[in-house]
Chemist: 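Okay, handing you the structure first.
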Amino acid sequence: MPNLSSEIQKVKEALGNARRVFVLTGSGVSAESGVSTFRGGGASTIWRGMPFEQLSSARMMQTNLPLVWEWFDYRLSVVAGCTPNAGHFALAKASESSRFDSFNLVTQNIDGLHLAAGSKDFTELHGNIHQARCLSCGHVQQLSEIPADERPPVCPKMF
């Protein structure tokens, strides 16, 4: 097994010489902030006896959209108390640095912590838990603009 400090040194050297950087983050970067990882166990793996894969599936959205929204509201309440950690802040700082010719940050996370840390130009592959997107027209709206008792929300562009 490699020595962790020597591996960290190798990463530092590689970044020190890099001009173009691509970073892909997943649940690990937010775990330190208190966001539980699906595959790492915890309360978000199973909810009301159903696995997260079932709850967030296209099939469940078609058959029981109110339940999907209830689960996402639960997840939203979990991440509401979470704040960015040193990893989020380091990536935000690196992305704003003139040190690199290009810096591309892509995340699988939906928690919004990269944005909260100050990252500006990044891609959220799976969307953002703080936003609702209409499945018909694609309109995106901040959940903070939608009354909590309006679940699932009705797209304002539909009327």
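Bear in mind that the values here come from a model prediction, so they are computed numbers and not experimental data. These values consider heavy atoms only, across backbone and side chains, with no hydrogens, waters or symmetry-generated copies.
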Chemist: Identify the two heavy atoms, one from P153 and one from A132, that lie closest to each other, and give their separation to 0.1 Å.
Modeler: CG-CB, 4.4 Å
Chemist: State, with a plain yes or no, whether a side-chain heavy atom of L105 is found less than 4.5 Å away from one of S95.
Modeler: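 Contact flag for L105/S95 side chains = no.
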Chemist: Show, in sequence, the C-alpha distance, side-chain angles and deciding distance for F122 and L115, and conclude whether the side-chain contact (heavy atoms from CB on, under 4.5 Å) test is met.
Modeler: CA-CA 9 Å; F122 62 98; L115 180 64; 3.8 Å; yes
Chemist: Does the side chain of S30 pick up a donor-acceptor pair with the side chain of H88 at under 3.5 Å?
Modeler: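 Note: S30 and H88 side chains meet the donor-acceptor criterion.
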Chemist: Taking the side chain as every heavy atom from C-beta outward, state whether N109 and E124 have any atom pair closer than 4.5 Å.
Modeler: no
Chemist: Check each of T107, L125, L113 against T25 using the side chain to side chain contact (heavy atoms under 4.5 Å, CB included) test, and report the only one that passes.
Modeler: T107
Chemist: Do the side chains of C155 and C137 get nearer than 4.5 Å, heavy atoms only?
Modeler: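 Yes. Closest side-chain heavy atoms under 4.5 Å.
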Chemist: Check whether V106 and V29 end up in the same hydrophobic cluster, where Ile, Leu, Val, Met, Phe, Trp and Tyr are linked by side-chain heavy atoms less than 4.5 Å apart.
Modeler: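 No; V29 is not reachable from V106 via cluster members.
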Chemist: How about P156 and Q141: do any of their side-chain heavy atoms sit closer than 4.5 Å?
Modeler: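 Yes. Closest side-chain heavy atoms under 4.5 Å.
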Chemist: So how far is it from W47 CH2 to S56 OG, rounded to the nearest 0.5 Å?
Modeler: 12.0 Å
Chemist: Nearest heavy-atom pair of K120 and E96: which atoms, and what distance?
Modeler: CD-OE2, 3.8 Å
Chemist: Let's go through V23 and L91 carefully: what are the C-alpha distance in whole Å and the side-chain angles of both, what is the deciding distance for side-chain contact (heavy atoms from CB on, under 4.5 Å) to 0.1 Å, and is it a yes or a no?
Modeler: CA-CA 9 Å; V23 178; L91 290 169; 3.9 Å; yes
Chemist: Shortest non-hydrogen contact from V140 to R133?
Modeler: CG2-CG, 4.0 Å
Chemist: Is there side-chain contact between L143 and R151, with heavy atoms separated by less than 4.5 Å?
Modeler: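 Contact flag for L143/R151 side chains = yes.
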Chemist: Please name the pair of heavy atoms, one in D111 and one in V79, separated by the smallest distance, quoted to 0.1 Å.
Modeler: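 Scanning both residues, the minimum pair turns out to be CB-CG1, 4.1 Å.
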Chemist: Evaluate the side-chain contact (heavy atoms from CB on, under 4.5 Å) criterion for residues N64 and W71: first the C-alpha distance (whole Å), next the side-chain angles of each, then the deciding distance (0.1 Å), finally the verdict.
Modeler: CA-CA 11 Å; N64 197 343; W71 181 67; over 6 Å; no
Chemist: Of all residues at least two apart in sequence or in a different chain, which pass the salt bridge (charged side-chain N to carboxylate O under 4.0 Å, His left out) check with K10?
Modeler: E7
Chemist: Could you tell me the separation between the CZ atom of F100 and the CZ atom of F22, rounded to the nearest 0.5 Å?
Modeler: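 The CZ atom of F100 sits 14.5 Å away from the CZ atom of F22.
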Chemist: With rounding to the nearest 0.5 angstrom, report the OG to CD distance, S144 to Q131.
Modeler: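 If we round to the nearest 0.5 Å, S144:OG and Q131:CD are 9.5 Å apart.
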Chemist: Taking all non-hydrogen atoms of both residues, which atom of N85 and which atom of G87 are closest, and how far apart?
Modeler: OD1-N, 2.7 Å
Chemist: Given the rule that I, L, V, M, F, W and Y join up when any side-chain heavy atoms are under 4.5 Å apart, are V21 and F89 in one cluster?
Modeler: no
Chemist: Please enumerate all residues that pass side chain to side chain contact (heavy atoms under 4.5 Å, CB included) together with D101, with sequence neighbours excluded.
Modeler: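 Residues passing side chain to side chain contact (heavy atoms under 4.5 Å, CB included) with D101: R19, R20.
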Chemist: Could you check if a side-chain atom of I110 sits within less than 4.5 angstrom of a side-chain atom of R75, using non-hydrogen atoms only?
Modeler: no
Chemist: For the atom pair CG (L67) and CE (M50), what is the distance rounded to the nearest 0.5 Å?
Modeler: 4.5 Å
Chemist: Can you tell me how far CG of L15 sits from CZ of R99, rounded to the nearest 0.5 angstrom?
Modeler: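 So the CZ of R99 and the CG of L15 are separated by 6.5 Å.
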Chemist: Looking at CE of M60 and CD of E53, how far apart are the two atoms once the value is rounded to the nearest 0.5 Å?
Modeler: 11.5 Å
Chemist: If two hydrophobic side chains count as joined below 4.5 Å and joins carry through other members, does V35 share a cluster with Y74?
Modeler: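 V35 clusters together with Y74.
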